[in-house]
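In this text, all values refer to a predicted model and were calculated from it rather than measured experimentally. Just so it is clear, the values below take in all heavy atoms, side chains as well, and ignore hydrogens, waters and symmetry mates.
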Amino acid sequence: MKMFQKASVSFIVEGDMAKDEENPFLDINANIMGRLENIPDATSVEIEEDEKDDEFEKLLNTFIAAENSDTNEEKQQIVEQSEKQLEKEPKIVYGNDEGELAQAYTNFIDAVTAIAAMRQIEFPKLSFVPESLVPNYKPSLGKKIVSDTLACWDIMLAAFPDTLSTLNPNASDEQLLNFAEGLADQNLQLAVISYVEILIDIENCEISYEERRLKSQRKRVERALYEEYMRRQERKRRFIEVLQAKNFPIDSERLINNYFKTASKDAPAAFEVLTTNPAMYAPIENDKIKPRFFGLVKVTPQDGIRENHKIGSFLKKVKA
């Protein structure tokens, strides 16, 4: 198997035709398949489409026609026929890149089908369906397109061996299009042109897919960060409520907020300080310490130290 390069993308052609060393056109490489396989699968981002305007327009025209009918029976028949038609012919809505790829693939297959019929060559079973591009392209679909394209090239080579033997194996997209302009057979001309369009459109779809994948990945990271933030806020709230319920002489919110801020940098060290010297995060409020012995013994700095240790011991046992 040899190489056939088309600009930035190329296909593989295998089978009996690839064994013909006398035909230089059979030099075709698998770069595009390799490139497709290197794109990781990801949950494609679902893009909601609301394309019902055309259906509404059809129904509106139906009702207008019904109003102009002579009898109610005629009106009902027109409405029912229109509704049945809409049900039979659901509209397929592609994205911009996907729509162009679907059209290029369809044109290519139609052209090769005509070639196969004209030369009485058996047409292969295809694995790709254009409608599968809805709502979005994904690499697995690209591989099916590659497989179908390779099978169709076998037919083209079998039908026009002499004509295609003059094609430069390293032809660029522009050279392929110039080559197509000089072809006498219209079906072969359309096939080559559509093939180039497939190369371009599939690459555009891959770029769009990668953009959606990265956007989806970014959203997952952002959601994970937000959920972690909410968990931290909930833990803060529980710690604060537990402290406040004990009526410790300390600003509970300030204590817990400063602890969590420090813990984000060094959790073990922050917890050690919290449980041994919580006053590092918020000072003990001596004016809130209740005097002992019914107020007969005034509050001293020693009482603040005792409360500091009491708060630390309490926090060491709290599981919030």
Side-chain angles (χ1 to χ4, degrees), residues 1-15 17-18 23-37 39 94-116 118-119 121 123-124 126-130 132-133 137 139 141-210:
M1 180 164 46
K2 303 179 183 178
M3 181 176 291
F4 176 40
Q5 185 70 34
K6 285 107 182 148
S8 59
V9 189
S10 59
F11 284 104
I12 296 178
V13 168
E14 298 177 341
M17 296 303 302
N23 191 341
F25 185 76
L26 302 184
D27 298 343
I28 299 178
N29 194 313
N31 288 347
I32 188 172
M33 290 190 78
R35 184 164 60 84
L36 288 172
E37 290 171 354
I39 296 179
Y94 296 104
N96 290 335
D97 294 328
E98 286 82 358
E100 292 180 3
L101 177 57
Q103 187 60 60
Y105 175 87
T106 300
N107 291 343
F108 180 73
I109 296 302
D110 288 347
V112 178
T113 300
I115 292 173
M118 178 182 63
R119 298 300 176 91
I121 301 174
F123 194 81
L126 302 177
S127 59
F128 174 73
V129 178
S132 60
L133 287 170
Y137 167 92
L141 298 178
K143 293 177 181 179
K144 291 183 179 180
I145 295 175
V146 170
S147 176
D148 290 353
T149 305
L150 301 182
C152 288
W153 265 109
D154 283 342
I155 293 175
M156 294 162 62
L157 293 168
F160 300 96
D162 295 335
T163 302
L164 293 178
S165 66
T166 63
L167 182 61
N168 180 3
N170 298 313
S172 64
D173 291 349
E174 184 177 358
Q175 289 171 332
L176 279 169
L177 294 175
N178 291 334
F179 175 81
E181 288 182 3
L183 294 173
D185 187 276
Q186 292 184 351
N187 289 320
L188 180 60
Q189 183 182 64
L190 177 59
V192 174
I193 293 174
S194 300
Y195 170 68
V196 175
E197 291 175 344
I198 288 175
L199 296 179
I200 297 171
D201 294 337
I202 202 171
E203 188 166 11
N204 289 338
C205 283
E206 287 171 7
I207 293 172
S208 297
Y209 167 83
E210 184 66 9

### Message
Listing request: all salt bridge (charged side-chain N to carboxylate O under 4.0 Å, His left out) pairs with a residue in residues 98-112, at least two apart in sequence or in separate chains.
### Response
Glu98-Arg212
### Message
Looking at Gln186, is its backbone amide N or carbonyl O close enough to the side chain of Gln189 to form a donor-acceptor pair, meaning the two atoms are under 3.5 Å apart?
### Response
no
### Task
Verify, without hydrogens or angle tests, whether Thr166 (side chain) and Thr163 (backbone) share a donor-acceptor contact under 3.5 angstrom.
yes
### Query
Within the side chain of Ser132, is there an N or O that forms a donor-acceptor pair under 3.5 Å with the backbone of Val129?
yes
### Message
Angle between ring planes, Trp153 versus Phe108, binned at 30° and 60°: parallel, tilted or perpendicular?
### Response
tilted
### Query
Which heavy atom in Asp185 sits nearest to a heavy atom in Asn187, and how many Å separate them?
OD1-N, 3.0 Å
### Message
Return the CZ to CG distance between Phe160 and Leu167, rounded to the nearest 0.5 Å.
### Response
13.5 Å
### Query
Who passes ring pair (Phe, Tyr, Trp, His ring centres under 6.0 Å) against Phe128, sequence neighbours left out?
Tyr105
### Task
Answer yes or no: is there a side-chain heavy-atom contact under 4.5 Å between Leu141 and Leu101?
no
#### Entry: Expected output: side-chain Ser165 to main-chain Asp162 donor-acceptor under 3.5 Å
yes
### Task
Output the distance between atom CG (Leu164) and atom CG (Leu157), rounded to the nearest 0.5 Å.
5.5 Å
## Note on the structure
Gln103 meets the side-chain contact (heavy atoms from CB on, under 4.5 Å) criterion, sequence neighbours left out, with Asn107
#### Entry: side-chain contact (heavy atoms from CB on, under 4.5 Å) partners for Asp97, two or more places apart
Asn204, Cys205, Ser208
### Task
Please confirm whether the backbone N or O of Ser127 pairs with a side-chain atom of Asp148, one donor and one acceptor, at under 3.5 Å?
yes
### Summary
The reported gap from CD1 in Ile115 to CG in Leu190 (rounded to nearest 0.5 angstrom) is 8.5 Å
### Query
With sequence neighbours excluded, what pairs up with Ala104 under the side-chain contact (heavy atoms from CB on, under 4.5 Å) test?
Glu197, Ile198, Asp201
### Query
If we only count heavy atoms from C-beta on, is the Cys152 to Tyr195 side-chain gap below 4.5 Å?
no
### Query
Taking the side chain as C-beta and beyond, is there a heavy-atom pair between Ile155 and Pro124 under 4.5 Å?
yes
#### Entry: Check: Val192 and Leu183 side chains under 4.5 Å, non-hydrogen atoms
yes
### Message
Using every non-hydrogen atom in the two residues, find where Tyr94 and Pro130 come nearest and quote the distance to one decimal.
### Response
CE2-O, 3.2 Å
### Task
Output all residues satisfying side-chain contact (heavy atoms from CB on, under 4.5 Å) with Leu177, sequence neighbours left out; order by chain, then residue number.
Ile193, Val196
#### Entry: Leu126 side chain near Lys144 side chain, heavy-atom distance below 4.5 Å
no
